[in-house]
Protein chains: 2
Amino acid sequence: MTGTKIRNMEEFASVSGISRPTLSKFFNDPSSVRTSTRQRIEAALEQYDYQPNLYAVNQNRRLTKNIGVVVPYLADPFFAKIARTIEEHIIETGYRPVLLGSHGSPAMEIANLDNLRSIKPAGVLLAPLGRASDHAKIEAFCGEVPTVLFDANIDGIGEAFVGSNNAQSIGLIVDYLCRTGEPPCFFEMKSPSNPNAFKRRSAYIAAMERLGHSPALIQAEGQGWEFEEIGFREGTRVVRDRNLPTNTLLCSNDRLAIGLLSAAFEAGLRVGIGEGCDLRVAGHDDHPFSRYTCPTLTTVSQDYEAIAKTSAAILLDRIESEETNDSRQERLFDGRLIMRASA
Amino acid sequence: MTGTKIRNMEEFASVSGISRPTLSKFFNDPSSVRTSTRQRIEAALEQYDYQPNLYAVNQNRRLTKNIGVVVPYLADPFFAKIARTIEEHIIETGYRPVLLGSHGSPAMEIANLDNLRSIKPAGVLLAPLGRASDHAKIEAFCGEVPTVLFDANIDGIGEAFVGSNNAQSIGLIVDYLCRTGEPPCFFEMKSPSNPNAFKRRSAYIAAMERLGHSPALIQAEGQGWEFEEIGFREGTRVVRDRNLPTNTLLCSNDRLAIGLLSAAFEAGLRVGIGEGCDLRVAGHDDHPFSRYTCPTLTTVSQDYEAIAKTSAAILLDRIESEETNDSRQERLFDGRLIMRASA
DNA sequence: TTCATAACTTTACGCGCGTAAAGAATTAAA
DNA sequence: TTTAATTCTTTACGCGCGTAAAGTTATGAA
């Protein structure tokens, strides 16, 4: 890149001594040209500053190298982290990730998909909002664009689903809590927007019954994605009323637990496993902030890496094999117990 | 949208009875055609499902309607929030935001700018990493694409800078802390990557001297963007050594404070303003999680909304007036004291 | 050396749209 | 009603690249 700017592929062809069709092949897939030719082109690229015009390229390709990544809420570090991991895997394979957040709004989720449609993505990785999502429109989108769902499942929609094995992970922490103290009651939202929440509730009930305990649910009012706020509000109420059936609370997710811990702290309750503690609190997800709560939060970590890697791999496989799938696979990954100070 | 799919503008012209050049004008700027014509087109758009091919459109335009938004770290809720606010303002004005995070890596920051270059953005809003950034390459980029910096300034680079008035906001909280208890010492990173950190340090020193106190700095070792971890580590050390010059700590940002609070909690120190408290801790930024720390964190909130709105407005103004600016303006917004329980 | 094959060059067309130019139709003002 | 200004239609070209077809050159095995 000695600075000489090249305006188009024609011009680059003349300065590099390679014909334009060959250059076109090269830019689409460097390995599709002879090694000696590739080296000549790469040498020329060192000298001249040229890259194909993205818009001209994509206009003539039926499907682009873009891959949409849509998550419910980008300001949630959990989704920011998993989205980032997915992005890395996509880039490695030579595709271009396009990251979009829906900010908890079903309308924006659909708007994001519409926006993606206009950039003709090769495929989309979608973590849907869940119950609030416009299922019909998402299904229509999946009919047009190869889409793999992750994190939250919608039955039958998309090429595949990749997520956490809530039955296993909740079972894991229920076992742990029962083994080390009083059986937990389950702290969740009354009308959660995420399908995982329902799975976790069922998994909690099943685990409790398996161990011969009777399940108990504490359900917080509130809508939307301000989970900490909801956890704090309901936590304050629970602590004030002091009519808990047990001293152990298992939260449906870490963000609720963060709010709950804050409420317990304000009320002067000691949370933890030691002597003199009033309450045990556990979460689920291993949220990035759960290491810094007071006390640090015992939780179950999802296998981010595996979920990100697998969902990207399945999508790319579907894209490159071009086969319309008949078998919609569901891949679930086990959680891992993260023991900290809160339970 | 009765479902009849239209393949291109030509086809839409024939079914709508409007000539293609007029349609082209309409899609570029609906107000550029007569009202009656616009209504006929809009009526046709209701019936037929058509939208111009994004790639064909942008190929022929010198500059697109894309606006890049680059932040240092998308997994930081602070940046996620301000980026979101900026996105909203951009969408309102009919442009398309393209959100990119640099994940703390200067190389990725440059890669993001290179990626943006290839989509020919009309302009870019950039919150640079700061000291670690490749200033030369950023400057070169700003020479090609109208760029407004926000959050972190790099002297002389870009069309403008929009950020917080650190002198004011730090002064504000130093005043408050001195008024209500012991003068604070300043808790920060020894080699911070963000230019705001230096401004805040200077502002702290200036405020202390103005009030006749001698400033004291506590500088945490550590690199990168894991501020909570760094705050926790250094916090643990500080608490263990117990050689603080004062019982009040002002943290350079909330994420350091979150780590510090966690360390204080683990060490059994009582943080807060009441009787029997060992320590007061304050932060800066009003991080989304600072409402849920234990105790809740007293801090200074940045004026997200104004920073987002103003930086977007200045950029759009520059884009639409097409004038190469000679006067690089810097706009700073005052912070607001958020009094909570920690100080 | 011979020859089949792979890889290349040359030529040419098309993608969907921006946009310029010239003439026709509409609108608003006189 | 006449006239001038807008706004439209028609026609045509170009953007930068994908890609097909036919001919040419390079490659490597026999």
Side-chain angles (χ1 to χ4, degrees), chain A residues 4-45 48-66 94 96 117-122 322, chain B residues 4-45 48-66 94 96 117-122 322:
Chain A
T4 330
K5 295 252 167 163
I6 270 71
R7 287 203 311 270
N8 55 36
M9 204 181 275
E10 199 79 52
E11 201 171 312
F12 186 62
S14 61
V15 299
S16 66
I18 308 277
S19 72
R20 198 176 65 72
T22 303
L23 288 175
S24 177
K25 277 197 72 178
F26 168 82
F27 284 113
N28 283 326
D29 178 8
S31 71
S32 67
V33 301
R34 205 185 289 149
T35 315
S36 59
T37 312
R38 185 166 74 236
Q39 285 165 346
R40 285 173 59 202
I41 297 175
E42 281 164 354
L45 280 173
Y48 304 97
D49 180 15
Y50 169 72
Q51 55 182 25
N53 180 309
L54 201 72
Y55 297 107
V57 168
N58 284 333
Q59 175 175 19
N60 295 310
R61 257 212 279 265
R62 196 168 46 81
L63 87 180
T64 67
K65 287 273 186 179
N66 294 321
R96 287 174 59 106
R117 216 193 308 258
S118 74
I119 64 168
K120 299 190 209 161
E322 296 226 36
Chain B
T4 330
K5 294 254 167 158
I6 269 73
R7 287 203 310 271
N8 55 37
M9 203 181 276
E10 198 79 52
E11 199 171 313
F12 185 62
S14 62
V15 298
S16 67
I18 308 278
S19 72
R20 197 175 66 72
T22 303
L23 288 175
S24 177
K25 276 197 73 178
F26 168 83
F27 284 112
N28 283 326
D29 178 7
S31 71
S32 67
V33 301
R34 205 185 288 148
T35 315
S36 58
T37 312
R38 185 168 73 236
Q39 285 164 346
R40 285 173 59 202
I41 297 175
E42 280 163 353
L45 280 174
Y48 303 97
D49 180 16
Y50 169 72
Q51 54 182 25
N53 180 310
L54 201 72
Y55 297 107
V57 168
N58 284 332
Q59 176 175 18
N60 295 310
R61 258 212 278 266
R62 196 169 47 78
L63 87 181
T64 67
K65 287 272 186 181
N66 295 322
R96 287 174 60 105
R117 216 193 310 258
S118 73
I119 63 169
K120 299 189 209 163
E322 296 227 36

Cut-off 3.5 Å, no hydrogens considered: what does the side-chain donor-acceptor table look like for residues 17-24 of chain A, sequence neighbours left out?
| from | atom 1 | to | atom 2 | distance (Å) |
| --- | --- | --- | --- | --- |
| A:Ser19 | OG | A:Thr22 | OG1 | 3.0 |

Report which part of the nucleic acid [X] touches: base, sugar-phosphate, or nothing (heavy-atom distance under 4.0 Å, all strands).
X       : result
A:Ser36 : nothing
A:Arg7  : nothing
B:Tyr50 : sugar-phosphate
B:Pro52 : sugar-phosphate
B:Asn28 : sugar-phosphate

Next on the checklist: With heavy atoms of chain A within less than 4.0 Å as the criterion, where does contact along DNA chain C begin and end?
Outcome noted: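 Extent of the interface on DNA chain C: C:dA7 to C:dG16.
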Checklist entry - Got a sec, which pairs hit salt bridge (charged side-chain N to carboxylate O under 4.0 Å, His left out) with one end in residues 24-35 of chain A, sequence neighbours left out? => result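 For residues 24-35 of chain A: none.
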Checklist entry - If you find the nucleotide of DNA chain C closest to B:Asn60 and the one closest to B:Pro21, which residue's nucleotide is nearer the 5' end? => result B:Asn60
Checklist entry - Between B:Arg61 and A:Ser32, who's closer to the 5' end of DNA chain C by nearest nucleotide? => result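 The residue mapped nearer the 5' terminus is A:Ser32.
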Checklist entry - Got a second to check how far B:Ser32's OG is from B:Arg38's CZ, nearest 0.5 Å? => result 9.0 Å
Checklist entry - If only atom types and distance count, is the side chain of B:Thr64 paired as donor or acceptor with the main-chain N or O of B:Lys120 below 3.5 Å? => result yes
Item to check | Under the side-chain contact (heavy atoms from CB on, under 4.5 Å) test, residues paired with A:Ser118 that sit two or more places apart | outcome: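 Scan of A:Ser118 (side-chain contact (heavy atoms from CB on, under 4.5 Å), adjacent residues dropped) gives B:Gln51, B:Leu54, B:Arg96.
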Item to check | Whole-Å gap separating P (D:dT9) and CE (B:Met9) | outcome: 13 Å
Checklist entry - If you find the nucleotide of DNA chain D closest to B:Gln59 and the one closest to B:Val33, which residue's nucleotide is nearer the 5' end? => result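 Here B:Val33 is the residue nearer the 5' end.
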Item to check | Closest non-hydrogen atom pair between B:Arg40 and B:Ser16, with its separation | outcome: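 For B:Arg40 and B:Ser16, the tightest heavy-atom pair comes out as NH2-O, 4.2 Å.
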Checklist entry - How far apart are the closest heavy atoms of A:Ile119 and B:Tyr55, and which atoms are they? => result O-OH, 2.6 Å
Checklist entry - Can you name the residues that form a ring-ring contact (aromatic ring centres under 6.0 Å, His included) with B:Phe27, not counting sequence neighbours? => result B:Tyr50
Checklist entry - Do any of residues 10-18 of chain A sit with a heavy atom less than 4.0 Å from DNA chain C, and if so which? => result A:Gly17, A:Ile18
Item to check | Worked verdict on A:Lys65 versus A:Val57 for side chain to side chain contact (heavy atoms under 4.5 Å, CB included) | outcome: CA-CA 10 Å; A:Lys65 287 273 186 179; A:Val57 168; over 6 Å; no
